[in-house]
Participant: 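Sharing a structure below in structure tokens format, with a few things to ask.
Just so you know, these numbers come straight off a predicted model, no measurement behind them.
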Number of protein chains: 2
Amino acid sequence: MSEQEANDALERLCNLLRMEARAFGLRFGLQPVQMEALKYLTQCNRYSDTPQAVGEYLGLTKGTVSQSLKALEQKGLLTKKPDKQDKRVIHLTPTLKGNNLTKKATQTKGLGRALAITNSITDTELTQMLRSVLRGLQQVNGRKAFGACHTCRFNEQHPEGSVCGLTHEPLSAQDVQLICREHQYPQ
Amino acid sequence: MSEQEANDALERLCNLLRMEARAFGLRFGLQPVQMEALKYLTQCNRYSDTPQAVGEYLGLTKGTVSQSLKALEQKGLLTKKPDKQDKRVIHLTPTLKGNNLTKKATQTKGLGRALAITNSITDTELTQMLRSVLRGLQQVNGRKAFGACHTCRFNEQHPEGSVCGLTHEPLSAQDVQLICREHQYPQ
DNA sequence: CAATAAAGTATCGACTCAATACTTTTTATC
DNA sequence: GATAAAAAGTATTGAGTCGATACTTTATTG
């Protein structure tokens, strides 16, 4: 019964966030999906900045994603670069304009201010709780995690620094903060 | 900085839920917005079951909402009834089919199962935390709360039962559980 | 080397959504 | 009480989303 209440609160929260996101995007001629794709691209690592990964992250087909990315490119918010090794693959990089826009969007949404006036919760508590739910939900629904490398089971801590256990490439301090499409939680 | 992390987790959670909702709706030929509108109508009270209220709840214009409701009516998921007093107003009631569908949708989303395997959180804790965030966010962004009567500042507890301080109508035990568009939190 | 798979694009049709214009009914205002 | 303004809803239009399908190019597998 209380599970119902948690569900309702979460849904309402999602609606509110989407509402604000839509209102913000409208002022810049951007659709909600376009904002979300751009936001993802500012946060993901070099293995995860492809149209395919964007589609997996947002749960959309590659055809759909292709169009939204075309729109973002035409608006000068991202650039496309073909992969050196695999000529089928394209890497997407947000432009400076794109990066600035996503920063402003996050601030505008007001979650920071909302948490500031809600002194009964710390943002750390909220983050922990949301991540637990997130992990459970991904497990139940069989979705990919899309977490950052520093929480990944493939991330190996060597004395010289971090290394990805999948690609065996070294990871910088910035790298391990980025979202990876191959991410898996430990255990 | 941790505010950023909370924001990201919440956004990811919203994406996942929307992903599941889309997949579910697709199997029944319903769009995400249509599902959300129908869900709202199964939960709102008799002052809040109008196209206008649906628009306010979902943050959409009345024109947009009008079309989605038309689609829901044609699919036999809701019925329209004109108001007795105000002939401009139309009341929307989900059919039995509509009610059953929303029930199934909520279960399918898997939040319940996700919470079950996440034994570090109780659903009561999650609900409380989400509601606090919700309240803060609504305050910051100046949105309507759309809460249930039993948490409303206009709800008066008399010895004979609850009464709405705005309409002065008596409220049953079921009534005070429903969502109202005039809802305001105390203080 | 041929068959198959994978990454991406293009096109189509149903739908969303905001904007605008419109109708009907209610409420103010004089 | 007549007239103006506001409010609730519908209809239409145009840009965009989205899944499905078909297609091209490049990799991988046998």
Participant: Between A:Ser68 and D:dT17, is there a contact of a side-chain N or O with OP1 or OP2 at under 4.0 Å?
Facilitator: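 Result: yes.
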
Participant: Can you tell me if A:His150 and A:Ser162 form a side-chain donor-acceptor pair at under 3.5 Å?
Facilitator: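 Side chains of A:His150 and A:Ser162: no pair found under 3.5 Å.
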
Participant: Of the nucleotides C:dA10, C:dT26, D:dC18, which has the atom closest to the B:Asp86 side chain?
Facilitator: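 Nearest to the side chain of B:Asp86 among the choices is C:dT26.
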
Participant: Out of the candidates B:Leu30, B:Thr95, B:Leu38, only one should pair with B:Lys75 under the side chain to side chain contact (heavy atoms under 4.5 Å, CB included) rule; please name it.
Facilitator: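 The passing option is B:Leu30.
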
Participant: Check the distance between D:dC18's P and B:Phe24's CZ and give it to me in whole angstrom.
Facilitator: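 Rounding to the nearest Å, CZ of B:Phe24 and P of D:dC18 are 19 Å apart.
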
Participant: Quick one: is A:Thr64 getting a side-chain N or O under 4.0 Å of the D:dG19 phosphate, OP1 or OP2?
Facilitator: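 True: A:Thr64 side-chain N/O within range (under 4.0 Å) of D:dG19 OP1/OP2.
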
Participant: I want to confirm an ordering. Mapping A:Arg22 and A:Lys80 to their closest nucleotides on DNA chain C, which one lands closer to the 5' end?
Facilitator: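 Of the two residues, A:Lys80 wins.
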
Participant: Given C:dA6, is OP1 or OP2 found less than 4.0 Å from the side-chain N or O atoms of A:Lys87?
Facilitator: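 For A:Lys87, the contact criterion (side-chain N or O under 4.0 Å from OP1 or OP2 of C:dA6) is not met.
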
Participant: Please confirm whether the shortest side-chain N or O distance from A:Gln52 to OP1 or OP2 of C:dA7 is below 4.0 Å.
Facilitator: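 It does, given that an N or O in the side chain of A:Gln52 lies less than 4.0 Å from OP1 or OP2 of C:dA7.
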
Participant: Write down the distance between CD (B:Gln31) and P (D:dG19), rounded to a whole number of angstrom.
Facilitator: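 After rounding, the gap between these two atoms is 9 Å.
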
Participant: Any donor-acceptor pair under 3.5 Å linking the side-chain atoms of B:Gln184 with those of B:Arg153?
Facilitator: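 Yes, side-chain donor-acceptor contact under 3.5 Å.
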
Participant: Could you give the CZ-to-P distance, from A:Arg27 to C:dA18, as a whole number of Å?
Facilitator: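 Checked: the CZ to P distance equals 14 Å.
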
Participant: Which nucleotide sits closest to the side chain of A:Arg88: C:dA7, D:dT12, D:dG19?
Facilitator: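 Shortest atom-to-atom distance from the side chain points to C:dA7.
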
Participant: Rounded to whole angstrom units, what separation is found between the CD atom of A:Gln34 and the P atom of D:dA15?
Facilitator: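 From A:Gln34 CD to D:dA15 P: 14 Å.
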
Participant: If each of A:Gly63 and A:Val89 is mapped to the nucleotide of DNA chain C with the nearest heavy atom, which maps nearer the 5' terminus, i.e. the 5' end?
Facilitator: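 Result of the comparison: A:Val89.
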
Participant: Can you tell which of D:dT17, D:dA11, C:dG8 lies closest to the side chain of A:Thr50?
Facilitator: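 Nearest nucleotide to the side chain: C:dG8.
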
Participant: If I take atom NZ in residue A:Lys62 and atom C1' in nucleotide D:dT25, what distance separates them, rounded to the nearest angstrom?
Facilitator: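 Rounding to the nearest Å, NZ of A:Lys62 and C1' of D:dT25 are 12 Å apart.
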
Participant: Whether B:Thr61 contacts C:dA18 is assessed here as follows: a side-chain N or O lying under 4.0 Å from the phosphate OP1 or OP2. Is that the case?
Facilitator: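 For B:Thr61, the contact criterion (side-chain N or O under 4.0 Å from OP1 or OP2 of C:dA18) is met.
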
Participant: Using 4.0 Å as the upper bound for N to carboxylate O, is an ion pair formed by A:Lys81 and A:Asp49?
Facilitator: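 Answer for the salt bridge query: no.
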
Participant: Would you mind reading off the distance between B:Ile90 atom CD1 and D:dA7 atom C1', rounded to a whole angstrom?
Facilitator: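 Going from B:Ile90 (CD1) to D:dA7 (C1'), I get 14 Å.
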
Participant: Tell me which of A:Arg18 and B:Ser66 sits closer to the 5' end of DNA chain D, going by the nucleotide each one is nearest to.
Facilitator: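 Taking each residue's closest nucleotide, the earlier one in sequence belongs to B:Ser66.
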
Participant: Between P on C:dG8 and CG on A:Asp83, what's the gap in Å once rounded to a whole number?
Facilitator: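 Checked: the CG to P distance equals 9 Å.
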
Participant: What heavy-atom pair brings A:Cys149 and A:Cys180 nearest, and what distance separates the two atoms?
Facilitator: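 Scanning both residues, the minimum pair turns out to be SG-CB, 4.1 Å.
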
Participant: Write down the distance between NZ (A:Lys81) and C1' (C:dG8), rounded to a whole number of angstrom.
Facilitator: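 In whole Å, C:dG8 C1' and A:Lys81 NZ are 18 Å from each other.
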
